[in-house]
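The next block holds one structure in the form of structure tokens; read it before the comments.
Every chain is numbered from 1 and lettered A, B, ... according to where its sequence line falls, protein lines coming before strand lines. What you see below is based on every heavy atom in this structure, not just the backbone, and it leaves out hydrogens, waters and symmetry mates. Small disclaimer: the values here were computed from a predicted structure and weren't measured.
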There are 2 protein chains.
Amino acid sequence: MEGDGRLAAPVSGPLATSVCWLLGDAARELTQELERVLRKDDLRWRDYGVLVVLEAAGPLSQQEIGRRLSVDRSTMVHVIDVLEERGLVARARDAADRRAYSIRLTDSGRALLVDVLHPATEAVQERVLGGLAAEDRMHLNRVLAQLAAGR
Amino acid sequence: MEGDGRLAAPVSGPLATSVCWLLGDAARELTQELERVLRKDDLRWRDYGVLVVLEAAGPLSQQEIGRRLSVDRSTMVHVIDVLEERGLVARARDAADRRAYSIRLTDSGRALLVDVLHPATEAVQERVLGGLAAEDRMHLNRVLAQLAAGR
DNA sequence: CCATATCGTCAGTGTTGCTGACGATCGGAA
DNA sequence: TTCCGATCGTCAGCAACACTGACGATATGG
């Protein structure tokens, strides 16, 4: 990922009209802000992703989590290690497939998500997108969702 | 950056409604595709950025380029080294500030941009955003531009 | 003329994610 | 059942990467 702390100056000229750069910039800013907030709880974007996925989908194998976040399975090992050490998730052998773990959110993990993480990221989102009209935000959401669906 | 080749499965549930994840996913996909295309010319997203910035703004110092792309000045040294070796940009001492270089696009660099890179990235953008109605694309562009401006 | 700051450079460093192998386990075919 | 290929999690090694902190050269303000 990028260095934080540093601000990206908006690019002028023809670039400003390219969806490509605009999208990249917006995503980078949002991600940077998010990382900054999450760092207070010693978490990364990636860790937050794991918790969110588990909250949404219930217990999953390490590999399945990685698949949904574009994280390599070998990388997931350590990510889960850390999360488990902190008591946010728990490993249990999957009864149906004993090669795999069944990773689940602990109460502690769910509490962190609900009480701290979700509010914090909500705030960031609010701040970054705050300048948009409600109508535009809904539209943005709809268009992006359509983009994600059409893959 | 992320590993390429790997596909990100769309996340289901509450996440799908969060602009945050949607934006991140869209940007990641676009970036990955772009990197894949640029690799044919042995270039990275970052290199392309340098060329585009120079095309848009004219000669700049290394540090100024880095500032606009969120790239550290020490990293820029090597980026420019490679681009210069390939004859795409040229270093000249800035007459007004002899500490700094004045990096400019060569004819060769401009030609590559116009003949190869721009068409290629256009195509990617077309493919990724192709599923959207023209009206939605314009709206997306407008909203993102507004977002970039309001910083 | 001196102090401080900036530009580009470079060696060293720490982090990061991937590659490729491993044992264990699963699933299907013979 | 037995066998074979594929998959799960793990780990050591590796390669890429960007950042840190220092340096000489230069600029700028007192």
Side-chain angles (χ1 to χ4, degrees), chain A residues 1-9 28 31-32 35-36 38-39 42-50 53-54 59-85 89-104, chain B residues 1-9 28 31-32 35-36 38-39 42-50 53-54 59-85 89-104:
Chain A
M1 205 126 303
E2 294 294 323
D4 52 322
R6 189 173 308 279
L7 280 148
R28 181 171 53 201
T31 303
Q32 270 182 17
E35 286 260 340
R36 208 175 53 76
L38 290 172
R39 194 165 304 132
D42 266 304
L43 289 173
R44 311 255 172 110
W45 165 265
R46 185 153 287 171
D47 304 315
Y48 180 56
V50 172
V53 166
L54 288 178
L60 294 173
S61 73
Q62 293 185 185
Q63 194 150 206
E64 181 56 31
I65 298 171
R67 203 170 288 129
R68 302 196 187 200
L69 296 173
S70 291
V71 175
D72 192 87
R73 62 178 180 239
S74 65
T75 304
M76 281 304 303
V77 175
H78 193 241
V79 172
I80 299 294
D81 276 352
V82 173
L83 257 27
E84 188 185 29
E85 268 173 26
V89 305
R91 278 186 169 104
R93 280 290 164 192
D94 184 342
D97 183 346
R98 296 216 313 252
R99 293 170 302 179
Y101 282 130
S102 176
I103 312 292
R104 68 173 174 79
Chain B
M1 206 128 302
E2 295 292 324
D4 52 322
R6 190 171 308 280
L7 281 150
R28 181 172 54 203
T31 303
Q32 271 182 15
E35 285 260 340
R36 208 176 53 76
L38 290 172
R39 194 165 305 134
D42 265 303
L43 289 173
R44 313 257 170 109
W45 165 264
R46 184 153 289 170
D47 305 314
Y48 180 56
V50 172
V53 165
L54 288 178
L60 293 174
S61 73
Q62 293 185 183
Q63 194 150 206
E64 181 56 31
I65 299 172
R67 204 170 287 129
R68 302 197 187 200
L69 296 173
S70 292
V71 175
D72 191 86
R73 64 182 175 236
S74 65
T75 304
M76 282 304 304
V77 175
H78 193 242
V79 172
I80 299 295
D81 276 352
V82 174
L83 257 27
E84 189 185 29
E85 268 173 27
V89 305
R91 278 186 170 105
R93 279 291 163 191
D94 185 342
D97 184 346
R98 297 215 311 253
R99 293 170 302 180
Y101 282 131
S102 176
I103 312 291
R104 69 173 174 78

[X] vs [N]: side-chain N/O to OP1/OP2 distance below 4.0 Å:
| X | N | result |
| --- | --- | --- |
| B:Gln63 | C:dG8 | yes |
| A:Arg44 | C:dT16 | yes |
| B:Arg73 | D:dG21 | no |
| A:Arg67 | D:dC8 | yes |

Should [X] and [Y] count as side-chain neighbours, where that means a heavy-atom distance under 4.5 Å?
| X | Y | result |
| --- | --- | --- |
| B:Leu38 | B:Glu35 | no |
| A:Arg93 | A:Ser102 | no |
| A:Val89 | A:Arg104 | no |
| B:Ile103 | B:Leu60 | no |

Practice item. Classify the nucleic acid contact of B:Ser61 as base, sugar-phosphate or nothing, counting any heavy atom under 4.0 Å across all strands shown. Key: sugar-phosphate
Atom [atom1] of [X] and atom [atom2] of [N]: how far apart are they, to the nearest Å?
| X | N | atom1 | atom2 | result |
| --- | --- | --- | --- | --- |
| A:Leu69 | C:dG17 | CG | P | 12 Å |
| B:Ile103 | C:dT9 | CD1 | P | 8 Å |
| A:Gln62 | C:dG17 | CD | C1' | 16 Å |

Review point. Near DNA chain C, under 4.0 Å by heavy atom, which residues of residues 93-101 of chain B?
Key: B:Arg99, B:Ala100, B:Tyr101
Revision key, fill the gap. Within residues 75-84 of chain B, those residues having any heavy atom closer than 4.0 Å to DNA chain C are B:Val77
Working to the nearest 0.5 angstrom, can you tell me the gap between [X] [atom1] and [Y] [atom2]?
| X | Y | atom1 | atom2 | answer |
| --- | --- | --- | --- | --- |
| B:Trp45 | B:Leu69 | CH2 | CG | 9.5 Å |
| A:Glu64 | A:Asp94 | CD | CG | 12.0 Å |
| A:Ser70 | B:Gln32 | OG | CD | 6.0 Å |

Check your understanding: For the side chain of A:Asp72, counting heavy atoms from C-beta on, which of C:dC18, C:dG8, D:dC8 is nearest?
Key -> C:dC18
Sequence neighbours left out, cut at 3.5 Å: what donor-acceptor pairs do the side chains of residues 76-85 of chain B make with other protein atoms?
residue	atom	partner	partner atom	Å
B:Asp81	OD1	B:Arg91	NH1	3.0
B:Asp81	OD1	B:Arg91	NH2	3.1
B:Glu84	OE1	B:Arg91	NH1	2.8

